[in-house]
Amino acid sequence: MKKDTRILRAGGKVGDEQIIEAARILREGGTVAFPTETVYGLGADALNEKAVSRIFKAKGRPADNPLIVHVGSKERCMELARNIPEKALLLMDEFWPGPLTLIMERKSIVPDVTTGGLDTVALRMPENEIALELIRQSGKPIAAPSANLSGRPSPTTAEHVLSDLCGRIDAVVDGGEVSIGLESTVVDMTGDTPCILRPGKITKEELEACIGDVRIAYDDKVHPESEIVRSPGMKYTHYSPDSIVILVEGENDAVISRMKELISDFHSRGANVGLLLTDESKRILPVEMTYSLGEKDRPEQAAKNLFSGLRYLDERKADIIIVDGSFYPDGIGKAVFNRVRKAADMIIKV
Ligand code: AMP
Ligand code: MG
């Protein structure tokens, strides 16, 4: 059934009436998209099975791909997780509120539908005034995956949310553009050595400075056939627009010359080519349909621009999107490469 999706415009203030209204919808089992510092999430009461199943339905998300539960305080975790390791408490003190999701053993109060049937639960406290006020006003833990149709790039503005989910959700709280633009770092805390299941703004090095050894348990490929991936989200196509995405990785000069060849080849075949370029490349490659990833050495700009750039070029009906992979590959750059490699139909290394 088509829903009449309400648009609530909110500042982050305590007692904001639009947030109170959004919280009411959540308490009554509805679905509300809202900004976090990472991307927009699609929220529902994490302890209400019917409400959570509405998230899966709205997104077209596979039922075995579990959701991150958003909390307003560290204390709330004690109600949802058990055997919380000391290292998890240290990470919460250091990085919460912030873009870090911790996987821990779940308590039975958390329904199967929220965890995709796993005995673990993913928990995070977001660092965004609107998100925190909404969680507090609702009085509930809020399950919230990214607020996009399953498989599409994550939304970084309320407009992106509406372009995927208008008519499928009860409301969106518009809080403007998010600050980071990529999803949280996900760390599994249930084993002896914590494992990173998804890279994000908080890096391995930062985690290790807080709790010692941390392992990496993700790679940048999609594993469509695999049943045994640790994080179910790893096996699904992700972050991709409808256009064909080609990523060219390497040093700036080599990337530019390969992109020139690709552009003239595709143009000669009549294709509509869109480019996602660093500012450095943009000065050299004068093609009409471009979107900026920001300065090559500032990967936080690429993080913020990647998903909106893919959406921008997709909307303008690019047949092919060529992504300039010459930006700085460390820090949050690792997470940007992870997402763009997953979105890519072809990766060219030069
Ligand atoms: P999204 O909400 O779209 O950012 O996706 C959440 C990510 O967290 C997905 O990749 C999930 O597979 C992962 N995730 C959520 N809960 C768990 C869990 N209990 N164990 C492992 N991975 C999880
Ligand atoms: Mg997602």
Does a side-chain heavy-atom distance below 4.5 Å link [X] with [Y]?
| X | Y | result |
| --- | --- | --- |
| Lys304 | Thr156 | no |
| Val187 | Phe95 | no |
| Asp279 | Arg283 | yes |
| Met289 | Leu313 | yes |

* Can you list every pair that meets side-chain hydrogen bond (donor to acceptor under 3.5 Å, both in side chains) and has a residue in residues 19-28, with sequence neighbours left out? -> Arg6-Glu21, Glu21-Arg24, Arg24-Glu28
* Is there any side-chain hydrogen bond (donor to acceptor under 3.5 Å, both in side chains) pair reaching into residues 33-43, and which pairs are they, with sequence neighbours excluded? -> Thr36-Thr38, Thr36-Arg124, Glu37-Arg124, Thr38-Arg124
Report the residues that fulfil side chain to side chain contact (heavy atoms under 4.5 Å, CB included) with [X], sequence neighbours left out, ordered by chain and then residue number.
| X | result |
| --- | --- |
| Asp119 | none |
| Ile55 | Thr31, Leu42, Ala44, Lys59, Leu67, Ala143, Pro145 |
| Asp345 | Ile244, Val245 |

* Among Ile348, Leu275, Ile320, which residue meets the side chain to side chain contact (heavy atoms under 4.5 Å, CB included) test with Leu262? -> Ile348
* Asked: Val323 pairs by side chain to side chain contact (heavy atoms under 4.5 Å, CB included) with which of Leu276, Val255, Ile347?
  -> Leu276
For [X], give me all partners under salt bridge (charged side-chain N to carboxylate O under 4.0 Å, His left out), at least two apart in sequence or on another chain.
| X | value |
| --- | --- |
| Glu315 | none |
| Lys140 | Asp45 |
| Asp213 | none |
| Glu127 | none |

* Please list, chain by chain and in numerical order, all residues satisfying side-chain hydrogen bond (donor to acceptor under 3.5 Å, both in side chains) with Glu300, sequence neighbours excluded. => Arg298
* Check side-chain hydrogen bond (donor to acceptor under 3.5 Å, both in side chains) between Ser184 and all other residues, then give those that pass, not counting sequence neighbours. => Thr101, Arg198
* Asked: Can you list every ring pair (Phe, Tyr, Trp, His ring centres under 6.0 Å) pair that touches residues 314-348, not counting sequence neighbours?
  -> Phe327-Phe337
* Step through the shown structure and confirm whether more than 12 heavy atoms of other residues, nucleotides or ligands are within 6.0 Å of CG on Asp330. => yes
* How about Glu261: does its CD atom have over 12 heavy atoms from other parts shown lying under 6.0 Å from it? -> yes
Could you verify whether a donor N or O on one side chain and an acceptor N or O on the other, from [X] and [Y], lie under 3.5 Å apart?
| X | Y | result |
| --- | --- | --- |
| Asp319 | Asn272 | no |
| Glu105 | Asn83 | yes |
| Ser146 | Glu183 | no |

* Asked: Is Arg316 close enough and on-axis enough to Tyr312, meaning under 6.0 Å and within 45°, for cation-pi?
  -> yes
